[in-house]
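Atoms considered below: every heavy atom in the structure, side chains included; atoms not considered: hydrogens, waters and symmetry mates. Chain letters run A, B, ... following the sequence lines, proteins first, then strands; residues in each count from 1.
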Number of protein chains: 2
Amino acid sequence: MSVLRTGASATASRYPSLPGTGSDLKPDWLDTILVGDCVAALERLPKHSVDVVFADPPYNLQLGGDLHRPDQSRVDACDDAWDQFASFEAYDAFTRAWLLAIKRVLKPTGTLWVIGSYHNIFRVGAKMQDLGFWLLNDVVWLKSNPMPNFRGKRFTNAHETMIWATPSKDTKGYTFNYEALKAFNDDLQMRSDWHLPLCTGGERLKDDNGDKVHPTQKPEALLYRVLLSSTNPGDVVLDPFFGTGTTGAVAKKLGRHFVGVERERSYIEAATKRIAAIEPAEGMVLETVKGKRAQKRIPFGSLLEAGLLKPGAELTCSRGKHRAIVRADGSLASGDFTGSIHKVGALVQGAEACNGWTYWHFTRGSLLEPIDTLREEIRSSMPR
Amino acid sequence: MSVLRTGASATASRYPSLPGTGSDLKPDWLDTILVGDCVAALERLPKHSVDVVFADPPYNLQLGGDLHRPDQSRVDACDDAWDQFASFEAYDAFTRAWLLAIKRVLKPTGTLWVIGSYHNIFRVGAKMQDLGFWLLNDVVWLKSNPMPNFRGKRFTNAHETMIWATPSKDTKGYTFNYEALKAFNDDLQMRSDWHLPLCTGGERLKDDNGDKVHPTQKPEALLYRVLLSSTNPGDVVLDPFFGTGTTGAVAKKLGRHFVGVERERSYIEAATKRIAAIEPAEGMVLETVKGKRAQKRIPFGSLLEAGLLKPGAELTCSRGKHRAIVRADGSLASGDFTGSIHKVGALVQGAEACNGWTYWHFTRGSLLEPIDTLREEIRSSMPR
DNA sequence: TGTCTATGTGAATCCTCGC
DNA sequence: CGCGAGGATTCACATAGAC
């Protein structure tokens with residue numbers, strides 16, 4: 001088995017520290033394509049060594065004879081040998097094997113993406129659940145320009161389905177760049193339906209005869225959204241069915257590391273050339289929008305230490321109905337209720353919970369302002 | 001087990017001839033709701049007696065504790081006992097049992113629709129394939145007004161999936177009203193993505209307290225498309241998880257026969273009343289159920305995905321006074337300000353709000369153009 | 001009657017850290 | 001590991017009430 005190095009893809013200052021290495025040396029498999037069968041090849045990777053997996057397994061299309069368009073031209077279908085399986089059982093065994101291999105190399109906080117169509121995605125999804133993966137979302141890629149149904153016997157098959165999952169139900173702390181995706185989407189939450197065109201035109205890899213190199217090349221826009229949402233710069237992205245390397249290309253563009261596995265020499269050659277030509281983005285351009293969660297926690301007591309509030313100051317809710325006194329230890333007192341800004345806020349409202357930062361207000365001049373603005377003042381005065 | 005007759009629903013001149021009856025007499029189960037467990041109740045139906053099945057089985061949601069909106073209001077979750085299963089194995093056994101019951105009563109030329117979410121649809125789809133059903137399409141119902149993801153930890157779950165299948169790979173001659181659907185869809189082939197709102201407002205059944213009668217009532221527009229596409233007038237439509245009878249209501253409206261199976265008395269009562277009130281309109285106006293013409297929203301991030309802007313590109317206001325850098329996640333950075341095109345536009349101006357599409361400009365040749373022109377380029381490259 | 005505002009709600013597998 | 005506390009988080013509609 002050989003390894004083709006295709007050029008570094010990350011801008012991070014050091015390589016990810018991998019279990020068992022204790023070293024900052026770049027592993028020989030990073031930013032390369034492993035040649036061979038995916039299960040066997042993945043044995044070369046250490047346990048828990050990749051952050052995210054994007055898998056585009058064979059769809060097991062089970063096509064009958066040739067399909068022709070109304071003008072009698074033949075549809076160039078995906079009839080490659082790698083897409084043929086003898087039975088559902090054979091496909092299930094194949095699926096189980098590569099999912100288990102993925103589970104070993106995926107970090108406990110990592111996530112797995114799988115894309116498929118109705119031919120295979122139900123079997124893959126069920127097997128993922130059987131193996132303990134915990135589904136976070138299914139995301140549908142809606143094709144703006146799908147191939148029509150030429151025979152008029154079914155609906156135009158205009159979408160494919162992606163499953164996004166953690167390796168276990170108990171997984172906490174997986175990467176989801178919520179705020180970045182929201183900014184991307186004009187300040188609205190990103191939904192589970194993604195409207196994107198097919199991979200065509202200049203992006204579609206062609207051989208010397210002008211034929212497409214790979215029958216199911218995915219658009220880079222799709223991977224762009226996948227990696228933007230679930231990885232950070234410097235992360236390691238594994239694609240066990242690398243094909244012509246869309247995952248690697250986008251990973252390099254976005255300053256992520258990649259590792260691919262592929263059997264077909266022709267695909268590897270095309271992918272290698274493609275990725276080598278890519279200029280990665282660098283530096284601040286790769287920084288994403290972060291929300292409050294990513295910022296350093298500032299306890300309420302800091303406002304007293306900074307002199308922004310004084311012991312004895314009065315806080316009220318936005319309508320002045322509830323009032324509380326700030327005590328020297330950073331707790332509040334309101335009638336018989338005492339405790340943190342959150343606890344007292346909840347108690348005076350009779351609510352289960354309360355965010356005291358936005359509930360309690362102080363008086364500046366003649367205006368009521370939430371104490372959260374004082375926290376912001378401390379944050380902005382801190383070294384970045 | 002009792003049978004509630006709820007009124008005739010068909011405009012066909014005679015009743016469907018059913019195997020073993022040799023008679024035109026209306027069977028006693030037609031246009032009724034069978035009370036009881038679906039597998040047991042279906043034994044009352046003759047073999048090969050229904051044309052189409054629409055099944056909305058329990059999703060097995062596996063919810064944890066309570067969920068609250070940011071305003072602290074509690075989400076009224078679907079936590080009914082009928083949605084609880086002890087394990088995936090138990091759910092699979094349940095699925096297998098009702099699918100087999102369906103296969104017996106379904107005509108060889110009939111089709112089966114199943115709706116579900118990522119919690120269950122993969123298991124159901126795999127089991128369908130295991131039992132020999134042949135998948136024709138998966139169709140995604142895209143919700144125009146889904147519930148948001150309140151904690152910002154996943155993508156907004158904005159769709160559900162339907163699977164449409166024949167009972168066998170060899171099935172020929174199933175009903176698909178291709179031309180009708182195409183006319184319905186402004187002379188375009190009907191696609192596998194259907195944009196429809198949730199069932200709310202006056203259509204949503206409420207009890208005397210104003211509470212919803214059923215936690216998961218489906219919109220009639222969804223069933224309208226299902227029945228319009230895969231049944232003919234006079235056909236028999238079976239819904240083995242009848243609930244409050246959306247399938248029966250739409251079947252009656254469209255001059256199809258129905259038969260439902262339901263365990264819960266309260267649902268049956270509501271469904272009976274609902275269906276009895278329906279006037280089966282002949283030549284009903286189809287326009288009423290057409291989905292709203294989807295005006296596609298193009299998020300700013302799409303300009304990056306499409307390669308029309310590159311990470312690191314500089315944008316300016318029309319007079320060049322304010323400048324910002326495009327980051328890989330579709331956010332802008334201008335000095336200390338970061339965020340969406342709208343937010344940063346507002347911040348640099350000190351304004352409350354800003355339309356980033358018209359405020360920010362890019363350089364083409366020596367000309368400044370608003371980024372809105374790039375959005376138009378994407379729009380015009382999309383079909384219609 | 002009309003317009004604006006406040007409130008309610010939908011199939012939801014919805015937190016993270018420190019002790 | 002469990003437990004408790006801090007404190008972060010929402011979009012499209014429909015309906016009712018205010019003015």
Ignoring hydrogens and angles, state whether a donor on the side chain of [X] or [Y] is under 3.5 Å from an acceptor on the partner side chain.
{"X": "B:Asp138", "Y": "A:His159", "result": "yes"}
{"X": "B:Ser340", "Y": "A:Asp187", "result": "yes"}
{"X": "A:Trp113", "Y": "A:Ser230", "result": "yes"}
{"X": "A:Tyr359", "Y": "A:Gln349", "result": "no"}
{"X": "B:Ser117", "Y": "B:Glu160", "result": "no"}
{"X": "B:Tyr91", "Y": "B:Asn120", "result": "yes"}
{"X": "B:Arg375", "Y": "B:Ser302", "result": "no"}
{"X": "B:Arg297", "Y": "A:Asn185", "result": "yes"}

Check: Is there a side-chain contact between B:Arg225 and B:Leu196, using heavy atoms and a 4.5 Å cut-off?
Finding: yes
Sugar-phosphate, base or nothing in reach of [X], heavy atoms under 4.0 Å:
{"X": "B:Gly202", "result": "sugar-phosphate"}
{"X": "B:Gly65", "result": "base"}
{"X": "B:Lys212", "result": "sugar-phosphate"}
{"X": "A:Arg293", "result": "sugar-phosphate"}
{"X": "B:Thr216", "result": "base"}
{"X": "B:Pro57", "result": "base"}

Taking the [atom1] atom of each, how far is [N] from [M], in whole Å?
{"N": "D:dG4", "M": "C:dT13", "atom1": "P", "answer": "27 Å"}
{"N": "C:dA12", "M": "D:dA8", "atom1": "P", "answer": "25 Å"}
{"N": "C:dT16", "M": "D:dC1", "atom1": "P", "answer": "16 Å"}
{"N": "D:dG7", "M": "C:dC14", "atom1": "C1'", "answer": "15 Å"}

Margin query: If the cut-off is 4.0 Å, is B:Asn157 near the phosphate of C:dT13, judged by side-chain N/O to OP1 or OP2?
Written below: yes
Heavy-atom contacts under 4.0 Å between [range] and DNA chain D, which residues?
{"range": "residues 179-194 of chain A", "answer": "A:Glu179, A:Lys182, A:Asp187, A:Leu188, A:Gln189"}
{"range": "residues 72-89 of chain B", "answer": "B:Gln72"}
{"range": "residues 171-178 of chain A", "answer": "A:Tyr178"}

Notebook entry, point to check: Among B:Val114, B:Ile115, B:Leu222, B:Leu223, which one satisfies side-chain contact (heavy atoms from CB on, under 4.5 Å) with B:Asp56?
Noted result: B:Ile115
Notebook entry, point to check: With nearest nucleotides of DNA chain D determined for B:Pro146 and B:Gly201 from heavy-atom distances, which residue corresponds to the more 5′ nucleotide?
Noted result: B:Pro146
Notebook entry, point to check: Under 30°, 30 to 60°, or over 60°: which ring-plane class applies to A:Phe300 and A:Trp357, parallel, tilted or perpendicular?
Noted result: perpendicular
Next item on the list: Would you mind telling me which of C:dA12, C:dA11, C:dT9 lies closest to the side-chain atoms of B:Leu63?
Entry: C:dA12
Item checked: Nucleotide nearest B:Gln62 (side chain, heavy atoms from C-beta), chosen from C:dT13, D:dT9, C:dG10 -> C:dT13
Margin query: Can a donor-acceptor pair be found, under 3.5 Å and without considering hydrogens, that links the side chain of B:Asp80 to the backbone of B:Asp83?
Written below: no
Margin query: For DNA chain D, please output the secondary structure as dot-bracket, reading 5' to 3'. Pairs are Watson-Crick or G-U wobble, both atom distances under 3.5 Å; mark crossing pairs with [ ], other-strand partners with |, unpaired with a dot.
Written below: .|||||....|||||||||
What about [X] and [Y], are their ring centers closer than 6.0 Å?
{"X": "B:Trp141", "Y": "B:Trp194", "answer": "no"}
{"X": "B:Trp82", "Y": "B:Phe241", "answer": "no"}
{"X": "B:Phe54", "Y": "B:Trp164", "answer": "no"}
{"X": "B:Phe242", "Y": "B:Tyr267", "answer": "no"}

Check: How does protein reach along nucleotides 2-7 of chain D, written 5' to 3' as B (base within reach of a heavy atom under 4.0 Å), S (only sugar-phosphate), or - (no contact)?
Finding: ----SB
Checklist line | Donor-acceptor pair present, B:Lys218 side chain and C:dA11 base, under 3.5 Å | finding: yes
d([atom1], [X]; [atom2], [N]) in whole Å:
{"X": "B:Phe150", "N": "C:dA11", "atom1": "CZ", "atom2": "P", "answer": "12 Å"}
{"X": "B:Glu203", "N": "D:dC13", "atom1": "CD", "atom2": "P", "answer": "15 Å"}
{"X": "A:Lys290", "N": "D:dA8", "atom1": "NZ", "atom2": "C1'", "answer": "16 Å"}
{"X": "A:Arg319", "N": "C:dA6", "atom1": "CZ", "atom2": "P", "answer": "10 Å"}

Item checked: Toward the 5' end of DNA chain C, by each residue's nearest nucleotide, B:Pro215 or B:Pro148 -> B:Pro215
Notebook entry, point to check: Which residue lies toward the 5' end of DNA chain C, B:Arg154 or B:Asp211, if each is placed at its nearest nucleotide?
Noted result: B:Asp211
Next item on the list: Please identify each residue that fulfils side chain to side chain contact (heavy atoms under 4.5 Å, CB included) with B:Ser87, with sequence neighbours left out.
Entry: B:Glu89, B:Ala90
Notebook entry, point to check: What do you reckon, is CG of B:Asp208 surrounded by more than 12 foreign heavy atoms closer than 6.0 Å?
Noted result: no
Next item on the list: Could you check whether A:Trp134 and the base of C:dT13 form a stacked pair, meaning centres closer than 5.5 Å and planes differing by less than 30°?
Entry: yes
